[in-house]
Amino acid sequence: MNHQKIALVTGASRGLGIIISKMLMEKGCKVLGVARSEDKLKQFQDEIGEKNFQYYTCDLSKPEGLPLLIDQIKSDGHHIDYLINNAGLERYDHFQNNSQWDVINIINTNLLAPMELTRLLLPEITNNGGHIVNIASLAGKKGIAYNTIYSATKAGLIMWSDGLRQELNETNANVTVICPGYISDTGMFHDGGVDAPPLLGTSPPEAVASAVWEAITKNRAEIIVNSGPIKPLLAIGQLFPRFGDKVVSWFGVPKLSKKRIVSS
Ligand SMILES: NC(=O)c1ccc[n+]([C@@H]2O[C@H](COP(=O)([O-])OP(=O)(O)OC[C@H]3O[C@@H](n4cnc5c(N)ncnc54)[C@H](OP(=O)(O)O)[C@@H]3O)[C@@H](O)[C@H]2O)c1
C-alpha cells in the first residue's frame, strides 16, 4: 500500500509557504511546516487541523540547529518524500550598508539551509523516490541592485540545483528549481507595498504552488513563474550583461528596489 506522502515545507508560517502547504494538502500530502514564528504556525494548524499539518519551530539561519530539527522529525516517526526549500528573506539597501551579520543571515537562510537540509535528508528522499523543490527567484537570473545578497543567494540556489540534478540523474531523487518573478496578494513583494513595474507585472501565489506540484509530478528541471515572456530577455542578458542592465532599468527594476530601501 502506498504511504501518505510527507512534505517538509520551510517558511510555512506566512506568504507563499502557506499557499504551497495548502496545495500539497489538497493533493493528499501531509505537511510538516518549519519557521520561527510559533504563533503563526499554530494559527495555521488550528485552521487546517493536526492530522494534515504539523509544525516545527527552527531558525534556519543557524546551521547547528538543522541536524537537531531533522532528528526531531525522525524521532516523531516521519519519513520525508518532498523537501520544499521555500523559506527566504531579502534586505533592500545599498550593499555597503549591510553588516556582516546581514550578509551571513541572508546566505545562511536562503542558501546554506536548503543545502544542509538536503544533505541531511537525501538518503531518505532517494529511498522514497522523492523530490527536492528549491524556491529561488528571477533575482537569481539577473542581479538586482539594492538587493544584491538576496540575488547572489538565489543565483547560488539555481546553480546548485542545476548541478545536483545532474548528479542525482541515476538515482531515485529529483530536484527542481522554481524562479518566481513578482508575486501578488501575499509574500515579501506584496508586503513591501510597492507596485510592480507595469511591463513585468505580477503572478498570483497559486501559480507558484502549481509550479511546485508540476515540479514533483512532471520532474521539471526549472520552472519560471512570471506573467510575461521573460526567457528571451534573460538569454540576451546572459550574452550581453550591460544590455541586460539597460533592459531591467527600462523596466524600472532598480528604481523599484531603491524605493524599497525606504519602505522596508
Ligand atoms: N513573494 C515574492 O514576490 C517572491 C518572488 C520570488 C521569490 N520568492 C521566494 O519565495 C519564498 C517565499 O517567499 P515569501 O514571499 O512567502 O516570503 P515571506 O512572506 O517573507 O515569508 C518568508 C517565510 O520564510 C520564513 N523564514 C524567514 N527567515 C527564516 C529563518 N531564519 N528561519 C526559519 N524560517 C524563516 C518566514 O517565517 P518566520 O518569519 O516565521 O521564521 C516565512 O514563513 C522565498 O524563498 C522568496 O525568496 C518570493
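The basis for the numbers below is simple: all heavy atoms, side chains too, and nothing from hydrogens, waters or symmetry mates. Remember, it's 1-based here, ligands and their atoms both numbered in the order they're listed.
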May I ask whether [X] has any heavy atom positioned less than 4.0 angstrom from an atom of ligand 1?
X    : result
D59  : yes
G181 : yes
R14  : yes
K154 : yes

Can you list the atoms of ligand 1 that are under 4.0 Å from a heavy atom of [X]?
X    : result
I135 : 9 (C), 10 (O), 11 (C), 45 (O)
C58  : 32 (N), 33 (C)
S61  : 31 (N)

Taking N or O atoms only and a 3.5 Å limit, does [X] qualify as a polar contact for ligand 1?
X    : answer
D191 : no
M188 : yes
I183 : yes
N105 : no
Y150 : yes
L89  : no
N86  : yes
L16  : yes

Under a 3.5 Å cutoff, is there a donor and acceptor pairing between the side chains of Q43 and D39?
no
Should [X] and [Y] count as side-chain neighbours, where that means a heavy-atom distance under 4.5 Å?
X    : Y    : value
T176 : N134 : no
L112 : T153 : no
V9   : L32  : no
D245 : K142 : yes
F189 : T202 : yes

The option among S137, G33, A87 carrying the non-hydrogen atom nearest to atom 26 (N) of ligand 1 is A87
Tell me which protein heavy atom sits closest to [atom], plus the residue, atom name and distance to 0.1 Å.
atom                    : value
atom 19 (O) of ligand 1 : G187 CA, 3.4 Å
atom 27 (C) of ligand 1 : R36 NH2, 3.5 Å
atom 32 (N) of ligand 1 : L60 N, 2.8 Å
atom 34 (N) of ligand 1 : A35 CA, 3.7 Å
atom 22 (C) of ligand 1 : G88 O, 3.7 Å
atom 40 (O) of ligand 1 : S37 OG, 2.4 Å
atom 37 (O) of ligand 1 : S13 OG, 2.9 Å
atom 6 (C) of ligand 1  : P180 O, 3.3 Å

Search all heavy atoms of [X] against all heavy atoms of [Y] and return the closest pair with its distance.
X    : Y    : result
L157 : A136 : CD2-CA, 4.0 Å
P254 : V248 : CD-O, 3.4 Å
A12  : A35  : N-CB, 4.2 Å

Report the C-alpha separation of N128 and Y82 in whole Å, then their side-chain angles, then the decisive distance to 0.1 Å, and conclude whether the side-chain hydrogen bond (donor to acceptor under 3.5 Å, both in side chains) test is met.
CA-CA 9 Å; N128 294 340; Y82 309 136; over 6 Å; no
Counting only heavy atoms closer than 4.0 Å, does ligand 1 sit against the backbone of A136, its side chain, both, or neither?
backbone
Report the part of C179 (side chain from C-beta onward, or backbone N, CA, C, O) that has a heavy atom under 4.0 Å from ligand 1; answer both or neither where that applies.
neither
If two hydrophobic side chains count as joined below 4.5 Å and joins carry through other members, does V133 share a cluster with W213?
yes
Linking I/L/V/M/F/W/Y whenever any side-chain heavy atoms sit under 4.5 Å apart, do L8 and F53 land together?
no
Decide, yes or no, whether a salt bridge links K62 with E116 under the criterion of side-chain N to carboxylate O below 4.0 Å.
no
Passes side-chain contact (heavy atoms from CB on, under 4.5 Å), Y150 versus R91? Steps please.
CA-CA 7 Å; Y150 175 81; R91 184 173 190 279; over 6 Å; no
Begin from the C-alpha positions of K141 and E222 and carry the test salt bridge (charged side-chain N to carboxylate O under 4.0 Å, His left out) through to its verdict.
CA-CA 12 Å; K141 292 283 191 185; E222 177 182 281; 2.8 Å; yes
